[in-house]
Amino acid sequence: RASWISRLKAGLSKTSSNLTTLFVGARIDDDLYDELESALLVSDAGVEATHYLLEALKKKVKDEKLTEASQVKTALRALLIDLLKPLQKPMVLGRHQPLVMMIAGVNGAGKTTTIGKLAKHLQAHQQSVLLAAGDTFRAAAREQLAIWGERNNVTVISQQSGDPAAVAFDAVQSARARRTDVVMIDTAGRLPTQLHLMEELKKVRRVVGKGMESAPHERLLVIDGNTGQNALAQVKAFDDALQLTGLIVTKLDGTAKGGVLAAIAKTRPVPVYFIGVGEKIEDLQPFDAEEFVDALLS
Ligand code: GDP
């Protein structure tokens, strides 16, 4: 536990070090607010969240008559926690049999890695897992997935030639027959600008819903925490297409700037179920607003 927090801290502090040092020995004046504004923008918090945080902070400083920069930092910590807390929501298992999840994202976001981590996490919670290989574009990917599934005790449903919606539909039927707890439907990486592929995602959702009413229960988006405002644009586009139920933010151990979560909270508050803090299978952690803010500010 401690080791992943330190990795998260190390990752965030590479780019947000001014957020951590800014308050040391500072006076509460316009220069401090200007520096804070730049630091928040550099951390990828975006214009809207930055503006909101600055105004709320100034008001707090005035209302509470704060005189020390360290108090301002404490006030900022509280505001950030309040902002991010609504994103903290655990993924609830066992509501449906099977619980059907659909997982989307752009290429390179960390989708494949995350599916492996998630399968492991689910198994650790006594859930049996079936994976639908909905990335029907790459034959090699399909083969690799089959090998991975065998090794990890995960049944993988795939089809030679394929319509991803049909693969997903089959997987749900198969999971019902086998009484599997969770179906994870992988989808091919796609960009929000590839409109036909975004339509394909909606079709997967529709067809799955024909096989099991109310499914897919979870519609998850994997985003790379390093991509800042681009990740925010992805959240908006995929949410418009699928009405997302959750996000997984990867690579927060790298050079991620962290502030993108503030931008998401302010503009499109989709819950963050998990954060990725490394390449290894165990490097998936539930999102905790307080832990995250402390890593960002310390
Ligand atoms: P996909 O194209 O979305 O399926 O992405 P992959 O799962 O293949 O991941 C792309 C790269 O990101 C790989 O090198 C992964 O090891 C790496 N990666 C994924 N998640 C994390 C993470 O949380 N931390 C770090 N450091 N690397 C990650």
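Both ligands and their constituent atoms are indexed starting at 1 by order of listing. Residue numbers count from 1 along this sequence.
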Review point. Asp170 and Gln159: side-chain donor and acceptor closer than 3.5 Å?
Key: yes
Revision key, fill the gap. Chain-and-number sorted residues having a heavy-atom contact under 4.0 Å with ligand 1 are Val106, Asn107, Gly108, Ala109, Gly110, Lys111, Thr112, Thr113, Lys117, Thr250, Lys251, Asp253, Gly276, Val277, Gly278, Glu279
Exercise for review: Show your working on side-chain contact (heavy atoms from CB on, under 4.5 Å) between Leu247 and Ile264 and close with a plain yes or no.
Suggested key: CA-CA 10 Å; Leu247 300 176; Ile264 291 169; 4.0 Å; yes
Review point. Between the side chains of Asp181 and Ser128, does any donor sit under 3.5 Å from an acceptor?
Key: yes
Check your understanding: So which heavy atom on Val260 is nearest to which on Leu232, and how close?
Key -> CG2-N, 4.4 Å
Check your understanding: Which pairs, with at least one residue in residues 46-66 and sequence neighbours excluded, count as a side-chain hydrogen bond (donor to acceptor under 3.5 Å, both in side chains)?
Key -> Lys59-Asp63
Practice item. Decide, yes or no, whether a salt bridge links Glu290 with Lys85 under the criterion of side-chain N to carboxylate O below 4.0 Å. Key: yes
